[in-house]
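Report on the structure given below.
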Amino acid sequence: MSTFLLVHGAWHNGRCWERVVPLLESAGHAVFAPSLTGYGNKAHLLSPEVGLDTHVGDVVGLIHEEDLTEVVLVGHSYAGLVISSVANEVPERIAHLVYLDAMVPEHGETAVDVQPLTQRLIDLAAKSDSPWRIPPMPETLPPLGLFGVTDPADVAWLRTMLSDQPVRCLQQPVRLDNPDTDLIPRTHIHCVGAEPEGITRRPVPAIQPNGSPAQVWELPTGHDCMITMPAELSALLLTVASEHRPTVEQRAG
């Protein structure tokens with residue numbers, strides 16, 4: 001059995017995975033879905049000092065505290081940056097990286113480099129009374145809705161878990177200078193429903209850094225697929241787990 005570590009994206013918290021967690025657990029897997037610093041049960045810790053490095057530390061700390069190995073590390077949206085740096089720090093504990101409609105950085109890049117639209121959000125925040133924090137994206141008419149969620153009940157539920165994103169998270173660079181990170185297999189899951197104007201997605205190279213063919217799957221839904229298509233997302237994640245990918249230590253040994 002695998003251990004899933006699900007990392008939420010900007011503005012969200014760990015509760016966004018509530019529909020996915022029981023589906024993975026019922027298949028016999030261990031699942032962790034923490035809220036990062038500044039969100040959910042850690043919302044009181046939100047401050048200008050919270051950045052990408054803070055969130056990387058949250059996840060690395062959890063991996064060590066729980067002594068997690070063979071981790072299927074899933075990052076949604078902004079958390080593509082988080083899981084990349086986490087893998088750079090503890091590659092021996094990661095069995096697979098899953099980029100879920102996520103930013104996919106290179107070494108030294110920031111969220112602004114990967115998704116230039118974020119600079120516009122930073123600029124807007126700079127003109128406000130709290131230039132260090134960015135409020136959640138506004139709801140728009142269907143089919144875009146709120147982060148791709150359009151069902152009124154789901155939108156109302158999603159609103160209960162949204163909070164501001166520190167600007168520093170979008171400005172700190174990712175570290176990907178550990179060659180062992182390249183050995184970790186990757187899967188990319190793209191949400192191909194309606195997409196907001198200005199959002200870009202980098203093409204996935206045909207060959208993974210470890211030399212294997214790229215693995216790219218699609219879900220016909222909006223950005224927050226863990227809310228809109230939890231069963232379908234869980235099925236894909238269980239497929240990843242069934243591949244029984246070895247960790248870096250096993251690959252090297």
Is a side-chain donor-acceptor pair under 3.5 Å present for [Y] with [X]?
X	Y	result
E70	T3	no
S85	N88	no
H107	D177	no
T37	T54	no

Please say yes or no: joined through hydrophobic side-chain contacts below 4.5 Å, possibly via intermediate residues, are [X] and [Y] part of one cluster?
X	Y	result
L176	L81	yes
L36	L52	yes
V31	M226	yes
V50	V86	no
M103	L6	yes

Grab the two heavy atoms, one from [X] and one from [Y], that are nearest each other, plus how far apart they are.
X	Y	result
A87	T181	O-OG1, 3.4 Å
L100	W17	CD2-CH2, 3.7 Å
T221	C191	O-CB, 3.4 Å
L233	C225	CD2-SG, 4.0 Å
P136	D164	CD-OD1, 3.5 Å
P105	V174	CG-CG2, 3.8 Å

### Task
Would you mind listing every side-chain hydrogen bond (donor to acceptor under 3.5 Å, both in side chains) that reaches into residues 142-157, with sequence neighbours excluded?
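Qualifying pairs, neighbours excluded: R19-D154.
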### Within 6.0 Å of CD1 in I207, more than 12 heavy atoms from elsewhere
yes
### Query
More than 12 foreign heavy atoms under 6.0 Å from CZ of R133: is that the case here?
yes
### Query
Is D101 paired with R201 through a side-chain N to carboxylate O contact shorter than 4.0 Å?
yes
### Message
According to side-chain contact (heavy atoms from CB on, under 4.5 Å), who are the partners of R186, at least two apart in sequence or on a separate chain?
### Response
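By the side-chain contact (heavy atoms from CB on, under 4.5 Å) rule, R186 matches L97, Y99, V104, H188, Q208, P209.
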Starting at [atom1] of [X], measure out to [atom2] of [Y] and round the result to the nearest 0.5 Å.
X	Y	atom1	atom2	value
L237	L23	CG	CG	10.0 Å
H96	I94	NE2	CD1	11.5 Å
L144	E197	CG	CD	10.0 Å
S35	H8	OG	NE2	5.0 Å
D53	R175	CG	CZ	8.5 Å
R93	I184	CZ	CD1	12.5 Å

### Query
Under the side chain to side chain donor-acceptor pair (under 3.5 Å) criterion, do Q171 and T110 qualify, and how do the steps go?
CA-CA 6 Å; Q171 295 177 324; T110 68; over 6 Å; no
Can you list the other members of the hydrophobic cluster that holds [X], where links are side-chain heavy atoms under 4.5 angstrom apart?
X	value
V204	V216
L117	I199
L45	none
W132	L46

Side chains of [X] and [Y], heavy atoms from C-beta outward: is any pair under 4.5 Å?
X	Y	value
L162	F147	yes
V21	F4	no
V90	H64	yes

Do [X] side-chain atoms and [Y] backbone N/O form a donor-acceptor pair below 3.5 Å?
X	Y	result
D224	G148	no
H12	A10	yes
E218	V192	no
S128	L124	no

### Message
Determine whether Q115 and T200 satisfy the following criterion, side-chain contact (heavy atoms from CB on, under 4.5 Å), listing intermediate values before the conclusion.
### Response
CA-CA 7 Å; Q115 189 59 258; T200 58; 3.1 Å; yes
### Query
Considering the options R120, Q119, K127, which one meets the side chain to side chain donor-acceptor pair (under 3.5 Å) requirement together with D123?
Q119
### Task
Take H29 and L238, measure what side-chain contact (heavy atoms from CB on, under 4.5 Å) needs, and give me the verdict at the end.
CA-CA 9 Å; H29 302 288; L238 290 173; 3.4 Å; yes
